[in-house]
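Okay, so here's the structure we're looking at.
Just so it is clear, the structure is predicted and the values come from calculations on it, not from any experiment. Every chain is numbered from 1, with letters handed out A, B, ... down the list of sequences. Hydrogens, waters and symmetry mates play no part in the numbers below; they use all other heavy atoms, side chains included.
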Amino acid sequence: MSLVFAGVCSHAPGITGRKEMADPTVRDPLYRAFDRMRAALEATRPDALIVIAAEHFANFFMNNMPAFCVGMADHYEGPIEDEAWLGIQRRRIPGAEALSHGLIQEVMNDVDLAYAQEWKFDHGLMVPLHFLTPRYDLPVVPVNINCQGPPLIPLHRCYALGRALKRACAARAERIALIGTGGISHWPATPDSGRINEAWDRNFLTKLLANNREDLLAYRDDETWREAGQGGFEIRTFISVAGAAEGHTGELWFYAPIPIFAVGCTVAVMNIS
Amino acid sequence: MSLYSVQKLLFHLNRDPRVRRCFDEDFEGLLTEYELSQEERAAVRQPDLGLLYVMGVNGQILMHYAALRGYEWRAYIEALREGERRYGPVRAGLYTRAEGR
Ligand SMILES: [Fe+2]
């Protein structure tokens, strides 16, 4: 089969961990948008879900930091963070060992990957899964892009990763869904936490959903850092989804700056079918 | 210069249950296992979250150490602001610059 679904969403830990502190009139519509995404994803009857995420020093550290890493385990565990802090109970998450193995082998024709047979999911994976696969019954293939700090992989390599994943999925029998998850502008875990550059976010989302490769790859990390914070480096995950959905535009289902969640919360879907 | 070591210690504390046990049982012994300056060791021990932030510790690592030491979210953010007031701008690491391309 091939890719049957592609979308992007936020993963900020506050979305689940600080939900009591948020204004329900903006929080609940976000939760409904996640639910709409879950329903749309389920309607495509996927056999597995690839999540392109940007972990935050959960498994990978500067002693051996992969630019790209793909999980290859039979099962995973998460969240690695304190359960009360994140508001998500620790559990086992099914993996897709054979699919992971096949995808990694195929993608490596185009893009070099690290791979991992052990992986503890942090909020970057757990928050999307909490909403999108609440029964944790869909096998997951985690993909990580180092977005935490320089040296950062160039954006065109992220787009290439998406393209390569799409090609690899096309060679598989399984029906595969794909989610990219990151923040747009944000300054997480700093004194500027809660600052959000809404104009920058909306401009980025317009380019993403138009899926114009040149426009997306024109972003520069020094400008992103200045205008969108170090959290803005996570646009890499979204740009990978654009690469996987090349030739297709997308639809914004939700965007709202929610300062207590420290990010402009986003749910969007690419029209790949 | 040993920002890497401070972050490594806090990363291990956040993620490795055995290191967490050392923190409970022999904190001083644990500190000697990492190449830390006097100032860094004192900041971790106290903890002086504001100074750790100004030294350049990444917030994605520091916020979990803050939670381990009993700081609620707003108290954590306030500790960072206090650090900037007392010690000046961040000295090293991610928050001082980005390498563009
Ligand atoms: Fe993130």
Review point. Of the backbone (N, CA, C, O) and the side chain (C-beta and beyond), which part of Q148(A) lies under 4.5 Å from a heavy atom of chain B, both, or neither?
Key: both
Check your understanding: When rounded to the nearest 0.5 angstrom, what is the spacing between CZ in F11(B) and CG in N59(A)?
Key -> 7.0 Å
Check your understanding: Most heavy-atom pairs under 4.5 angstrom with chain B, which of G17(A), P13(A), G229(A), A58(A)?
Key -> A58(A)
Study note, to complete from the structure: CZ (R18(A)) and CH2 (W73(B)) are apart, to the nearest 0.5 Å, by 4.5 Å
Check your understanding: With a 4.5 Å limit on heavy-atom distance, are the side chains of M63(B) and W85(A) in contact?
Key -> yes
**Study point:** Segment of I260(A) engaging chain B (4.5 angstrom heavy-atom cut-off)
**Key:** side chain
Check your understanding: Between H156(A) and chain B, which part of the residue has a heavy atom less than 4.5 Å away: side chain, backbone, both or neither?
Key -> neither
Practice item. Please state whether the side chain, the backbone, both or neither of E84(B) comes within less than 4.5 Å of a heavy atom of chain A. Key: side chain
Review point. Does a sphere of radius 6.0 Å around CZ in F60(A) hold more than 12 heavy atoms from other residues, nucleotides or ligands, not counting ones at 6.0 Å or beyond?
Key: yes
Review point. Would you find more than 12 non-hydrogen atoms of other residues, nucleotides or ligands less than 6.0 Å from R74(B) atom CZ?
Key: no
Exercise for review: Locate the shortest heavy-atom distance separating F233(A) from L94(B); write the atom from each residue and the value.
Suggested key: CE1-CD1, 3.9 Å
Practice item. Please list, in residue-number order, every residue in residues 75-82 of chain A that has a heavy atom less than 4.5 Å from any heavy atom of chain B; write 'none' if there are none. Key: I80(A), E81(A)
Point to revise | Euclidean distance, F61(A) CZ relative to Y4(B) OH, rounded to 0.5 Å | key: 5.0 Å
Check your understanding: Shortest non-hydrogen contact from Y95(B) to P188(A)?
Key -> OH-O, 4.4 Å
**Study point:** Min side-chain heavy-atom separation S193(A)-L80(B) under 4.5 Å
**Key:** no
Check your understanding: Roughly how far, to the nearest 0.5 Å, is CG of L10(B) from CZ of F57(A)?
Key -> 11.5 Å
Study note, to complete from the structure: All heavy atoms of Y53(B) vs all of T190(A), minimum pair found to be OH-CB, 4.0 Å
**Study point:** Toward chain B, the part of R226(A) with a non-hydrogen atom under 4.5 Å
**Key:** neither
Check your understanding: At their closest point, which heavy atom of A189(A) faces which heavy atom of Q60(B), and how far apart are they?
Key -> CB-N, 4.0 Å
Review point. Do any of residues 15-37 of chain B come closer than 4.5 Å to chain A, heavy atom to heavy atom, and if so which ones, in number order?
Key: R15(B)
Review point. Between N58(B), N14(B), L68(B), which shows the greatest number of heavy-atom pairs under 4.5 Å with chain A?
Key: N58(B)
